[in-house]
Amino acid sequence: MPHRRLQLIFNKVFLISQPISANFRGNMKEYNFSEIEKKWQEYWEKNKTFKTHDDFSNPNKYYVLDMYPYPSGAGLHVGHPEGYTATDIVARYKRMKGFNVLHPMGWDAFGLPAEQYAIQTGTHPALTTNKNCDTFRRQIKELGLSYDWDREINTTDPAYFKWTQWIFIKLYNTWYDHETDRGRSIEELPIPQDVIKAGDDARKEYIDSRRLAYYDNAQIWYCPSCRIVCANEEVLTDGSHEKCGHKVVRRNLKQWMLRIPYYAERLLRGLEKLDWPEGIKEMQRNWIGRSTGAEVDFKVEGHDDIIKVYTTRPDTLFGATYMVLSPEHPLIGKITSPDRLGEVQEYVSAASLKSDLDRTDLAKEKTGVFTGTWAVNPVNNKKIPVWVADYVLMGYGTGAIMAVPAHDERDFEFAMKFGLDIICILSPDITDAEQKARIISGRECWSGDGIYVNSSNSDLGITLDGLDVEEGIETITRWIEQRKLGSHRINYKLRDWLFSRQRYWGEPFPVIHWDDGRITLTDEKDLPVTLPDLEVYEPGDSGESPLSNATEWLYVTDSQGRRGRRETNTMPQWAGSCWYYLRFIDPKNDTEIFDSRKEKYWMPVDLYIGGAEHAVLHLLYARFWHMVLFDLGIVSTVEPFMKLFNQGMILAFAYETATGAKVSSDQITEKDGRFFNKETGEELRQIVAKMSKSLKNVINPDDVVKNYGADTLRLFEMFLGPLEATKPWDEKGIRGPANFLARAYRLIANSENITDGQEDPEVLRSLHKTIRKVTEDIEGLRFNTAISAMMIFLNTALKKEKITRESASVFARLLSPFAPHLGEELWQLTGHEGTLAYEPWPVAKEEYLKEDVFECPVSVNGKMRFKIELPVDLPQEEVRKIILADERARKWIGTAMPKIIIVPNRIVNIVI
RNA sequence: GCCCGGAUGGCGGAAUUGGUAGACGCGCUGGUCUCAAACACCAGUGGCAGCGAUGCUGUGCCGGUUCGAUCCCGGCUCCGGGUACCA
């Protein structure tokens, strides 16, 4: 087989030494990324290079955190390395700046997919979870991310969720003191005398009604497909479950709830101080939904009851022509007139069957019934009818409204449909006379500003006529309070947080329900309450958790022989992620949640990077828990995350037909920049879309690492565009960063290019410019332009075909946060030993940046015409002389006497 | 509907926030190397006109402020995200 031998020799000589491109360039050393990356990953692991020490003597600490992943079976997708590389660059940079850096990683490993898989196959979710974590860990390590793996945590580990349960107990044993505006231990709750007199049960009830965590009947969303209850936040606006997309239904079940609205005001105010994207803050503000207005009491004709309404526009009271109660309003039964009772009951029960979807989307068409009862408008003592309609929600305000059809779109629509009075009391500030006339006559709704009309009652001493809206609200609110008809009031949209799930794979509640109806919590010293092993993971049809099948685990008897049953619900996935950032501080501590000295040192998180999809839920819940822990003196900062940054989504190409039907990416063939369906030959349009299994356009980072190396992948993802932008993944572009790294290696690894003398002045200036740019850009998280600056430097150095050892070592350090493996390799090649991870970050020297002349652009009438070399800081008069003497300028000026605008060291503009 | 973002070459994106529009990269064109190709290297590359110097034009659209506008103001169009009977 002579051929084969030849082939082998050929390979040895020509191929193996040139791994990236099978070419031959004499003795030139070429970039072999897989060898280099393997070498340094082993080095870091063996030397525990990135182990973080709780070195309190270094006052400069930096806690940089990723949103830890749910380890799905599919492994990483290219979106993960984006955020992880960003934080890794910052972590490595800060280490070199002398900071003590905490940069940990862990797993948000409770969750539905592992349980779904258990239902199908009987595999214990813990097995699935561990397997997935192993895959994620391997993939993340292959990216060269500098985590301290000794701090790895896993939310499903009993040693971790012991403390999740511990926090739940704290929540249960905390009440909110509105006087001092903070959460306090339930033992400090003052009990009113009358409650004490009423006995033990009343006292218990009183206390329970104040706890931040409580157990109660709740109208909740239930997903029949997942057989799970959902938090309001998990139900999309079209009434479908965000996890599975199936429609959810209403159920009434006993559930654990958390009183997050008590913290609404502080959660809102706290946003001001945070360095978060404005958009995210705005989303949280909207979610909290603060509004100011007034509660106003309306007397009901023929009854002692009053109807309390909440309104943000008490100033429109004179225009209130009817009232509406929500179908769930408790007064309906009492005040409905006997002749209307049947119809009203029918409407109420129909409404209760409707999903919120029907009550919102479809209900652009308003429905409602008259109760036969009248209320009295307190500003003019006019009788106004009381209706029931499902456009009023029980969960907001008081569940009842005063309707002002002339100035509220919803009320207007309703009034038009049922022929109710529409009285305009606000003359709009518009010029369109026809529209104005329609509004004044009540034929059109006006919700904008204006001047009051028909808004006075001298008998009651109130007039708004002639005022503007701001004055009007102030005047009427004062009047209402004086007359004791109601009071100023602040309302929030934020509701109690439904905190239990009918699931197996979550944190068990440390709770026992006793036969006598009482509830006790597990003693802290008996934590964790662990999950029992099960044969069957299937939930019950009634929405009962699979834990109700674990009979041995389920039933308990106390020392008095009282029988009880453990809570079978488990906590939602948010629970573990609400505080994981705290556990990273002291992950192995089994006597405390964490050492508070360490907490004081490391907190708060200085930089938190993750996807914007967690804008409201995770980030609001975590802030809430953190504030409670702060109130209880467990943590030292009010807010957990000082700076937040959202990386944009990475999209990928997808293909669709002329009619918009999507075609899976493995069906595509490209010809001359056009795209065709392989099978049908139909021409397709290339679009960018979210990566999804169904479009088969998911990019697997493993493949990219294999083909180009981790450093190139990291660089490419950062070079794609601004971190926060949504960017399309186009594999063609990866050659840019790949070539850059190969060229850098080629320059520095080949010793004939390295000198020990004086650096070329042009290279030196370029180097210091690059140091400055890269430093600024890392601080500002502008990695794309930092990389471009390094490319510019490399191009400059390559032109000279040589570089000093010193410059090369500076470049190695600048590059290392972005491409850490190659950075280390180049550091070694420039004659250093060990790692550069803690070598000082280069500092740009002004003396090399200074230039004495610059190319000054000269524009004529604002249009750049030519450039002229000028000394820096030349006095304006001199510049003027030079410009006027220049023949290129004279060509434009001619005989005119021009005005010359000189922006020092920047531009000259000749105005003719 | 409301609230936030966006819109710059064939493509991803730069532009010190009022001062040279298109950095850097991809792609493309031409060249060197090669038997040939790939790789690598060199040169060019917004559009229109011209052999050329050069000129005109150009940052979604219309208008304004300014010596000068991708940037500020007014009015639109389209795209993305959030949210929605929250009184």
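Chain A is the first sequence line, chain B the second, and so forth, proteins listed ahead of strands; every chain is numbered from 1. Since this is a predicted model, take the numbers as computed values, not measurements.
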Assigned partner base of G18(B), Watson-Crick or wobble definition, under 3.5 Å: none

Salt bridge flag under 4.0 Å for residues E278(A) and R285(A): yes

Test item: D711(A) side-chain N/O and L822(A) main-chain N/O as donor-acceptor pair under 3.5 Å: yes

Centroid-centroid distance, W729(A) to F716(A), less than 6.0 Å: yes

Protein-to-nucleotide contact annotation, 5' to 3' order, nucleotides 18-26 of chain B [B base; S sugar-phosphate only; - none; under 4.0 Å, heavy atom]: -BBS-BBSS

Counterpart base for U59(B), defined by Watson-Crick or G-U wobble contacts under 3.5 Å: none

Identity of whatever pairs with G44(B) - Watson-Crick or G-U, under 3.5 angstrom: C28(B)

Atom-to-atom span, CG of N861(A) to C1' of A69(B) - whole angstrom: 15 Å

Separation of A87(B) P from M323(A) CE (nearest whole Å): 16 Å

Partner nucleotide of C51(B) by Watson-Crick or wobble geometry (both distances under 3.5 Å): none

Syn or anti conformation of U17(B), syn meaning chi within 90° of 0: syn

Pair assignment for A69(B), Watson-Crick or G-U wobble, requiring both distances under 3.5 Å: none

Gap in Å between the two P atoms, one belonging to C71(B) and one to G19(B), rounded: 11 Å

Identified pairing partner of C33(B), criterion: Watson-Crick or G-U wobble below 3.5 Å: none

Base-pairing assignment for A87(B) (Watson-Crick or G-U wobble, both under 3.5 Å): none

C1' gap between G10(B) and G18(B), integer Å: 31 Å

Touch class at under 4.0 angstrom, heavy-atom based, for I401(A) against every strand present: base

5′-ward residue of the pair T312(A)/N286(A) relative to RNA chain B: N286(A)

Distance, rounded to the nearest Å, where E717(A) contributes CD and G12(B) contributes C1': 14 Å

Atom-to-atom span, CG of D777(A) to P of G13(B) - whole angstrom: 17 Å

G-U wobble or Watson-Crick pairing nucleotide for C78(B) (cut-off 3.5 Å, both distances): G6(B)

E613(A) CD to G81(B) P, straight-line distance once rounded to whole Å: 13 Å

Plane angle bin for F414(A) and F418(A) - parallel if under 30°, tilted between 30 and 60°, otherwise perpendicular: tilted

Protein-nucleotide distance (M416(A), atom CE; C85(B), atom P), rounded to Å: 23 Å

G9(B) versus G27(B) - spacing of their C1' atoms, nearest Å: 12 Å

Exam field: side chain R888(A) to backbone K867(A), donor-acceptor pair closer than 3.5 Å: yes

Out of G55(B), A87(B), C67(B), whichever nucleotide has its closest atom nearest the side chain of Y310(A): A87(B)

Rounded distance in Å between the P positions of U70(B) and G63(B): 15 Å

Glycosidic conformation of G9(B), taking syn as within 90° of 0 and anti otherwise: syn

Salt-bridge contact K799(A)-E762(A) (side-chain N to carboxylate O under 4.0 Å): no

Sugar-phosphate only, base, or nothing, as touched by R290(A) at under 4.0 Å among non-hydrogen atoms: nothing

Ion pair check, D315(A) and R313(A), cut-off under 4.0 Å: yes

Y708(A) vs S34(A), side-chain hydrogen bond (donor to acceptor under 3.5 Å, both in side chains): CA-CA, chis, key distance, verdict: CA-CA 9 Å; Y708(A) 298 95; S34(A) 45; over 6 Å; no

Ring center gap for F793(A) and F811(A) short of 6.0 angstrom: yes

G68(B) OP1/OP2 closer than 4.0 Å to side-chain N/O of R865(A): no

Full working for side chain to side chain contact (heavy atoms under 4.5 Å, CB included) between V908(A) and I900(A): CA-CA 7 Å; V908(A) 172; I900(A) 296 182; 3.8 Å; yes

Protein-nucleotide distance (E30(A), atom CD; A38(B), atom P), rounded to Å: 18 Å

Rounded distance in Å - CG (L720(A)) to C1' (C11(B)): 12 Å

Sorted by number, the residues of residues 274-285 of chain A with heavy-atom contact under 4.0 Å to RNA chain B: G279(A), E282(A), M283(A)

Presence of Y396(A) side-chain N/O under 4.0 Å of A87(B) phosphate oxygens OP1/OP2: yes

K366(A) to Y391(A), cation-pi by 6.0 Å centre distance and 45° axis angle: yes

